[in-house]
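So you know, we letter chains A, B, ... as the sequences are listed, proteins then strands, and number each from 1.
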Protein chains: 2
Amino acid sequence: MSKKDGKYLTTGEFAKLCKVNKQTIFYYDQIGILSPVKKNEKGYRYYSIHQLELFFVIDLLKDLGMSLNDIQQYMQNKSPESFLSIMYRKKEEIVKKRQEIEMKEKMIEAKISLMEEASHLEFSQVTLQPLPEATLYLSRNIQNISDEKFVEVISDFINELQISQLDSGYPIGSITKREQVLKGEFSNYSYLYIEQPNPKEGHPYFRAVKGDFLIGYHVGSEKTISHTYERFFSEMERLHLVLGEYVFEEFIYDTVVQNDKEYFVTKIMMQVDRG
Amino acid sequence: MSKKDGKYLTTGEFAKLCKVNKQTIFYYDQIGILSPVKKNEKGYRYYSIHQLELFFVIDLLKDLGMSLNDIQQYMQNKSPESFLSIMYRKKEEIVKKRQEIEMKEKMIEAKISLMEEASHLEFSQVTLQPLPEATLYLSRNIQNISDEKFVEVISDFINELQISQLDSGYPIGSITKREQVLKGEFSNYSYLYIEQPNPKEGHPYFRAVKGDFLIGYHVGSEKTISHTYERFFSEMERLHLVLGEYVFEEFIYDTVVQNDKEYFVTKIMMQVDRG
DNA sequence: CTAGAGTATATAGTAACTATATAGTCAAGG
DNA sequence: CCTTGACTATATAGTTACTATATACTCTAG
């Protein structure tokens, strides 16, 4: 504090209250977005408490994605009207940002519960379980599709997930039809899907499933998945079951948590009927 | 798409779906956080759909303040366990971030309503109005305080605002006692305050005010505020009122919306009793 | 077989800090 | 009064995570 003149803060004090590096305060002075109210003959800077409020506003705008350049534009040309119009714009942006954060929070929760669940699984077992109804967001049909078309369909699917905020954090799964499974074409999928724990209204591409499933896990890359299907088939025979209409596959451990393909884990849910 | 080998995405396609610049994808390959599953003899990169999920996770982590360096550390050493522990950490962080966003949203709303209100005010008028009870968060006493002590008290006040999330977006105001006002010491404040529209439990320094107030506005810098006080005093006399215990001052237009001090506007709320 | 759209690498530039080096200032204690 | 240590200042270089530009190779469609 300068003795001769009232209630001012030095650069260090000001920076501390702003919770930023002192250099940042110099920098803001340099680029002209926040200059001290006073500068003494030795070049020492002095800030007022009201400038603290200005800093907090700058910080708010910066946080909402405004560049220092744009902030500087405003600072050169302050007015209550333009401030108000910026606030209205930022209000819209922050609402969007809050919604994104809320969605990401849900995504993280989903990942946590998936990983916790996975850590208690016995990957070598195949079990018969009834599955409750679930809502899935499906891609367009991708059976026997050309590579070019595949890219197009996948792009639309992924884009829709992002635009309509359908990425729940659950894995992207695939659906194969009985016919293809019986022919041994385990990777000739008919649809991709993502589960929607809290389905939104107004989306046409949903489909619910419910019924008895043989559930088991394939450890290793997709190329060796036929071995696991064989185990499913013997189990089906042993339990006198017949293959239902669809098989669902979901990655449990994939490239997100494993570098080595040979340790990837795929969950296989095979719809079955009692023969 | 490569023809010879299944369902892969080129760098361009992949970048588009990730909604980032193609260069960013190169960069991620270069620093080793996301390398294509395949690279052909010409050096062309091919990505799988599962790598899209990996990109979304990277983006999520980045969004939550994780540096690419830290992300790379994880990617070199992936495991379900470490992924889970990162998710638990990020879950805490995102909750905090959501709360911050929610507070900032409220701050913006407050600024908007303050500015809208201000734009309809007639700054030249002094009016008698009853004010409802309001909750204020007060600083420690700053009357007749030394400059060093002042900085200390203000620092504590500002820090508490930030730690306890008391910055409602309303202006920081000052309270002057009758005695000082009568002596003409208009800037010898006793407290600083910030209004709390939704007061939190467990904060000791709150104080409610309620009663009749003379309300008017001072246009210009603090140095000339005595002129405006004179107008208040004549108005008080005219209405047969006597000065109450406290006077409240709040900046309506300050350095946030005006560059020229001469156009700053201070709202003065003078507690009065019917003589 | 050529045009144009795509791929690659390499290098430089950007925003918003952040760190480092060098030097001047100031208040408190011996 | 002088020194010490904590502050202030400027100037410059480095950092992160891109982003743009330049140059060259490749692939597909007409």
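Listed by chain and residue number, S85(A), I86(A) satisfy the side-chain contact (heavy atoms from CB on, under 4.5 Å) test with R89(A) (two or more places apart in sequence, or in another chain). Legend: residues meeting side-chain contact (heavy atoms from CB on, under 4.5 Å) with D260(B), ordered by chain and number and at least two apart, are E262(B), Y263(B). In this view, Y189(A) and E222(A) satisfy the side-chain hydrogen bond (donor to acceptor under 3.5 Å, both in side chains) rule, not counting sequence neighbours. Residues forming a side-chain contact (heavy atoms from CB on, under 4.5 Å) with K183(A) (at least two apart in sequence, or on another chain): E179(A), Q180(A), E185(A). The side-chain contact (heavy atoms from CB on, under 4.5 Å) test applied to Y44(B) returns N40(B), K42(B), Y46(B), not counting sequence neighbours.
Pairs passing the salt bridge (charged side-chain N to carboxylate O under 4.0 Å, His left out) check and including a residue from residues 73-82 of chain B, sequence neighbours excluded, do not occur.
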May I have the list of side-chain donor-acceptor pairs in residues 62-70 of chain B shorter than 3.5 Å, sequence neighbours left out?
unit_1 : atom_1 : unit_2  : atom_2 : d
D63(B) : OD2    : K104(A) : NZ     : 2.9
S67(B) : OG     : N69(B)  : N      : 3.4
S67(B) : OG     : D70(B)  : N      : 3.1

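Distance I58(B) CD1 to dC18(D) C1': 15 Å, rounded to the nearest Å. The distance from atom CG of L9(A) to atom P of dC7(D) is 15 Å, rounded to the nearest whole Å. In this structure, the CG atom of L61(B) is 15 Å from the C1' atom of dA17(D), given to the nearest Å.
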Under 4.0 Å protein heavy-atom contact, by nucleotide of nucleotides 6-18 of chain C - B base, S sugar-phosphate only: BBSB------BSB

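The C1' atoms of five pairs define one axis at each end of the helix from dC1(C)-dG30(D) to dG30(C)-dC1(D), and these two axes lie 0° apart (to 10°).
In this structure, the side chains of D59(B) and K19(B) stay at 4.5 Å or more apart for every pair of heavy atoms.
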